Number of protein chains: 2
Amino acid sequence: MERGDTLDPLDRFTALPLYQQIKEEIASRIQGGRWSVGQKLPSENELVELLGVSRMTINRALRELTRDGLLVRVHGVGTFVAERRRHASLIQLRDIAEEIREAGKTHRLKVLELERVDADRELARAMALAVDSPVFRLVAVHYQDDVPVLYEDRIVNPALAPGFLDADFARMTATAYLVSIIVPDEMEHVVQAVLPEPRIAAALEIGRGEPCLKLSRRTFKDDDVVTSAALFYPGSRYSLGARYFTDDYRVR
Amino acid sequence: MERGDTLDPLDRFTALPLYQQIKEEIASRIQGGRWSVGQKLPSENELVELLGVSRMTINRALRELTRDGLLVRVHGVGTFVAERRRHASLIQLRDIAEEIREAGKTHRLKVLELERVDADRELARAMALAVDSPVFRLVAVHYQDDVPVLYEDRIVNPALAPGFLDADFARMTATAYLVSIIVPDEMEHVVQAVLPEPRIAAALEIGRGEPCLKLSRRTFKDDDVVTSAALFYPGSRYSLGARYFTDDYRVR
DNA sequence: CAGTGGTCTAGACCACAAT
DNA sequence: TTGTGGTCTAGACCACTGG
């Protein structure tokens, strides 16, 4: 404990749990700048003494703050104020069929292509496979009440989803199907605004001058690429959005 | 315990912590459909007996699965398989100045407007204030190595950030400033692809036909709107992206 | 080696909900 | 009243890190 500042006055008669009070005290010190980035916190045992609570209670507070991104813990070394207070917010992306149905509308899918192809250089790179490896490809358009709202161009790793070509995408979107087969352990997203290529503009029934949201998504399992998808949303008909609670100090 | 299925074979000699093994077993039952939505799980005490571990260990596993969105717990009632497995992914948005600096480039801000205005009907609605209420407005362009990459049009609630007009935005972006004043408890985001208005196209030094990402963001504190911002990213120069680990069973 | 965090236990008391 | 989850304790053993 390098600073001689008294810690906090825990209130044992309030409804607020002790671990919560500890979390708030520590978070407020970090957010107020009284504890700076990289600074080492008192050890669990020191906090036990300072606060007069059991180590399990301290441990829970520190563990949750770590999960919330405010702290970094290193086994055998100590607990530190996390770097880069990446004030970050998160946008949630949902399965489009689910979203359309929850809005009380009808979802329909038109499959344009569903086939096995050999990966060219660009595809091979996106899928982290060798050039000329066989992959599955799905090109489809999603309709909301018969209006096209999403153009999907997806490549799938056949080793991880061998039954993909036989799936019934009218019943279950490709995204949902793949998640039911393999729960990914990592994802990558990029959102861009683009003008659509002629083929995509035609499929979405929009003009070539109308901007589209392009969402590129890759999912991973054990460092293998499960699928790589390019999703095009016409700007005039669709927007990605989310409202959510920043529970506790979720900052990440 | 309504089902007579044996539970899991905990391995006490592996490196994997018991609570992790329990999490995985339960998650796999849910994802495999063997436990269906809304189904009640055995109580903590029942699981203590079934698995031969202490209640704190069970509690940790169930608590984390709840935080990950797979379970719902109701005090005094029980633990249930959560509804709507909204296969969702999250896109992380960061403070642009931080991102530019981390990429080793220079961030610069040009303030176009910084003033107090009276809210018209649309503004009042966005800010959840009365029409003609005074609000603060910031219009600015962010440059990366002298290339414009973001047009920001922001309204701020003067009751919550009275010193906003005097802030030094060259030192700290508006986002960072506001977060340092008030930690929001809720956020709302919408991403759209749009064609820029002439004024915005000019400020970003792009053609009118070039698509932009429009990110609309509102942040809330205790049901008051802290700020409402429209952020325009030229499609050719910027993309929002993130790669992250779907830690554990984070699916939400 | 000593100090750290990671995990686990076997109890305990409480607030809450259903009966 | 009974059973539930929410929290807390005072120990314990371990793996990891640093000197």
Side-chain angles (χ1 to χ4, degrees), chain A residues 1-2 7-26 35 38-82 247-248, chain B residues 1-2 7-26 35 38-82 247-248:
Chain A
M1 188 79 198
E2 51 241 31
L7 254 180
D8 41 341
L10 290 187
D11 181 357
R12 289 185 175 267
F13 306 100
T14 187
L16 207 59
L18 292 176
Y19 77 89
Q20 268 294 353
Q21 296 181 48
I22 296 169
K23 281 180 72 176
E24 291 184 7
E25 171 70 16
I26 293 174
W35 282 355
Q39 177 166 347
K40 187 175 182 188
L41 268 68
S43 76
E44 293 196 351
N45 282 320
E46 284 171 326
L47 288 169
V48 163
E49 296 247 327
L50 283 167
L51 301 176
V53 299
S54 85
R55 193 180 146 216
M56 279 299 277
T57 302
I58 297 287
N59 179 267
R60 176 165 178 185
L62 296 183
R63 178 157 33 88
E64 295 195 0
L65 286 170
T66 301
R67 182 152 175 168
D68 289 344
L70 273 78
L71 299 178
V72 173
R73 314 198 76 185
V74 184
H75 196 162
V77 181
T79 302
F80 306 85
V81 176
D247 67 303
D248 300 346
Chain B
M1 189 75 201
E2 51 239 33
L7 257 179
D8 42 343
L10 292 186
D11 180 356
R12 288 183 176 268
F13 305 101
T14 187
L16 207 60
L18 293 175
Y19 77 90
Q20 269 293 353
Q21 296 182 47
I22 296 169
K23 283 179 71 176
E24 291 185 8
E25 172 70 16
I26 293 175
W35 282 355
Q39 177 169 345
K40 187 175 182 188
L41 268 66
S43 76
E44 292 195 352
N45 282 319
E46 284 171 327
L47 288 170
V48 164
E49 297 246 327
L50 283 167
L51 302 177
V53 300
S54 85
R55 194 180 146 216
M56 277 299 277
T57 302
I58 297 288
N59 179 268
R60 176 165 177 186
L62 296 182
R63 177 156 35 86
E64 295 195 358
L65 285 170
T66 301
R67 181 151 176 173
D68 289 343
L70 273 77
L71 298 178
V72 173
R73 315 197 77 183
V74 184
H75 197 163
V77 181
T79 302
F80 306 86
V81 176
D247 68 303
D248 301 345

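Quick caveat: nothing in here was measured; it's all calculated off a predicted structure.
With sequence neighbours left out, the side chain to side chain contact (heavy atoms under 4.5 Å, CB included) criterion links B:S43 to B:N45, B:E46. Evaluation of the side chain to side chain donor-acceptor pair (under 3.5 Å) rule for B:T66 yields no partner, not counting sequence neighbours. Partners of A:V48 by side chain to side chain contact (heavy atoms under 4.5 Å, CB included), not counting sequence neighbours, listed by chain and number: A:R55, A:I58.
First and last contacting nucleotides of DNA chain D toward chain A (any atom under 4.0 angstrom from a heavy atom, 5' to 3' order): D:dT7 to D:dT17.
Taking both residues in full, the closest heavy atoms of B:G38 and B:F80 are given as O-CD2, 3.5 Å, listed atom of the first, atom of the second, then distance. Of all non-hydrogen atoms in A:L41 and A:W35, the two that sit nearest each other are CG-CZ3, 3.7 Å. Shortest non-hydrogen contact noted between B:G69 and B:A82 is O-CB, 3.3 Å.
Here A:K23 contributes atom NZ and A:D68 contributes atom CG; the two are 5.0 Å apart, rounded to the nearest 0.5 Å. B:E64 contributes atom CD, which lies 5.5 Å from atom CZ of A:R67 (distance to the nearest 0.5 angstrom).
Residue A:T79 has a polar side-chain atom (N or O) positioned under 4.0 Å from OP1 or OP2 of C:dG5.
Residues from residues 53-63 of chain B that place a heavy atom under 4.0 Å from any atom of DNA chain C, listed by number: B:V53, B:S54, B:R55, B:M56, B:T57, B:R60.
Classification of B:R63 and B:E44 as a salt-bridged pair fails, no side-chain N sitting under 4.0 Å from a carboxylate O.
Paired with B:L47 under the rule side chain to side chain contact (heavy atoms under 4.5 Å, CB included), one option of B:L62, B:I22, B:V53, B:T79 passes, and it is B:L62.
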Taking only N/O atoms, report every protein-nucleotides 17-19 of chain C pair under 3.5 Å with atom names and distance.
none

